[in-house]
Amino acid sequence: MTSVIGIEAYHKPMPKIIVENKNLFKKCRNVLDIGAGRGRFVRFFLENFDNIEEYVAIEPFPRSISKLKEVGDDRLIIVADLWENVRDIFLRKRFDIVVFWDVLMFMDLSFISENPVEAAKTELNNIINITRKYFLFSLHPVKKTILPRENYREILNHLDNHSKLKLVAKNT
């Protein structure tokens, strides 16, 4: 795999759009966080929702994994690997919430298609299929990525028009 590991910035706050809509998550029991970083979503969900029974955090970067371990919550399962290496295990399960925030642009999905946009759309469809209730997604325009920034609009249009998604909140 040639994935670029994106390092989560220390100063990133919890996205306002998630905080403003937190009432939606009151009945969710399990979460899959692809590219969990230092755990800002992990902390948000585990600190605010007693109903969460299992939180799976997939993260390849060793320093971020160390920060995730500091959370110290029995509901947290840390998978220290790239999504591309463990995806087959998780694509057979279902999750109430899937967090896929600022991660897609770093993934090497060339095993799906040589065309990075088509590969991204296919993988998004796969992930949406395992999402029961809420798919939390964002793309962040960073310089060193596998998915070219000029293709972000096409990816977002794909999601905006996806037959299995109902838009609840969007920040543009």
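Reckoned from all heavy atoms, side chains included, excluding hydrogens, waters and symmetry mates. If you're wondering where the values come from, they're calculated on a predicted model, not measured in any experiment.
Taking CD1 of I127 as the start and CG of L91 as the end, the distance is 6.5 Å to the nearest 0.5 Å. Atoms CG and CG, from N157 and N151 in turn, are 11.5 Å apart once rounded to the nearest 0.5 Å. One finds the CD1 atom of I78 at 12.5 Å from the NZ atom of K67 (value rounded to the nearest 0.5 Å). Separating the NE2 atom in H140 from the CE atom in M105 is a distance of 6.5 Å, to the nearest 0.5 Å. Taking CG of L32 as the reference point, atom CD1 of I77 lies at 10.5 Å (rounded to 0.5 Å). For the atom pair CG (D33) and CZ (F44), the distance works out to 12.5 Å, reported to the nearest 0.5 Å.
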Pair R38-R63, side-chain contact (heavy atoms from CB on, under 4.5 Å): steps then yes or no: CA-CA 8 Å; R38 299 168 52 83; R63 279 192 232 154; 5.8 Å; no
side-chain contact (heavy atoms from CB on, under 4.5 Å) between L104 and L139, intermediate numbers included: CA-CA 7 Å; L104 178 64; L139 285 172; 4.0 Å; yes
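A pairwise comparison of heavy atoms in A120 and I155 identifies CB-CD1, 3.6 Å as the closest pair. The minimum heavy-atom distance between A36 and E59, with the atom names listed, is N-OE1, 3.3 Å. Taking all atoms of both residues into account, the shortest heavy-atom contact from C28 to I52 is O-CD1, 3.4 Å. For the pair F100 and M107, the tightest heavy-atom approach, listed with the atom from each and the gap, is CE1-CE, 3.5 Å. Residue L147 comes nearest to P116 through the heavy atom pair CD1-O, 3.8 Å, listed as atom of the first residue, atom of the second, then distance. The nearest pair of heavy atoms linking V98 to I34 is CG1-CD1, 4.1 Å.
Note on residues 109-123: pairs passing salt bridge (charged side-chain N to carboxylate O under 4.0 Å, His left out), not counting sequence neighbours, are R87-E123, E118-K121, K121-E154. Residue pairs that meet the ring pair (Phe, Tyr, Trp, His ring centres under 6.0 Å) test with at least one member in residues 68-95, sequence neighbours left out, do not exist here. Pairs engaging residues 90-99 under the salt bridge (charged side-chain N to carboxylate O under 4.0 Å, His left out) rule: D96-R132 [sequence neighbours left out].
Between F41 and F45, the ring planes lie parallel to each other; the angle is under 30°, not in the 30° to 60° tilted range.
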Indicate every side-chain donor-acceptor pair of residues 16-26 with a distance under 3.5 Å to a residue at least two apart or in another chain.
residue, atom, partner, partner atom, Å
N21, ND2, I17, O, 2.7
K22, NZ, N48, OD1, 3.3

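No side-chain heavy atom of K69 sits under 4.5 Å from any side-chain heavy atom of L76. Using a 4.5 Å cut-off on side-chain heavy atoms (C-beta onward), D81 and P60 make no contact. Under the 4.5 Å side-chain criterion, counting only non-hydrogen atoms from C-beta, P15 is in contact with R40. Considering only heavy atoms from C-beta on, E84 comes within 4.5 Å of L109 through its side chain. A heavy-atom distance below 4.5 Å is found between the side chains of L159 and I128. At least one side-chain heavy atom of R75 sits under 4.5 Å from a side-chain heavy atom of L46.
Under the rule for a salt bridge (Lys or Arg N to Asp or Glu O under 4.0 Å), D88 has no partner lying at least two apart in sequence or in another chain. When the salt bridge (Lys or Arg N to Asp or Glu O under 4.0 Å) test is applied to E54, no partner is found at least two apart in sequence or on another chain.
Atom CG of D74 sits in a sparse spot, with 12 or fewer heavy atoms from other residues, nucleotides or ligands closer than 6.0 Å. Around CG of N129, the count of heavy atoms belonging to other residues, nucleotides or ligands within 6.0 Å exceeds 12.
In summary, the side chains of S110 and D108 do present a donor paired with an acceptor at a separation below 3.5 Å, with no hydrogens or angles considered.
By the criterion of side-chain heavy atoms lying less than 4.5 angstrom apart, applied directly or through intervening Ile, Leu, Val, Met, Phe, Trp or Tyr residues, L167 is not grouped with I97; the two fall into different hydrophobic clusters.
Panel note: side chain R43, backbone V71; no donor-acceptor pair is recorded below 3.5 Å. Distance alone, capped at 3.5 Å, is enough to place a donor-acceptor pair between the S113 side chain and the N115 backbone.
Annotation: W101 is not in aromatic contact with F137 [ring centroid separation under 6.0 Å not met].
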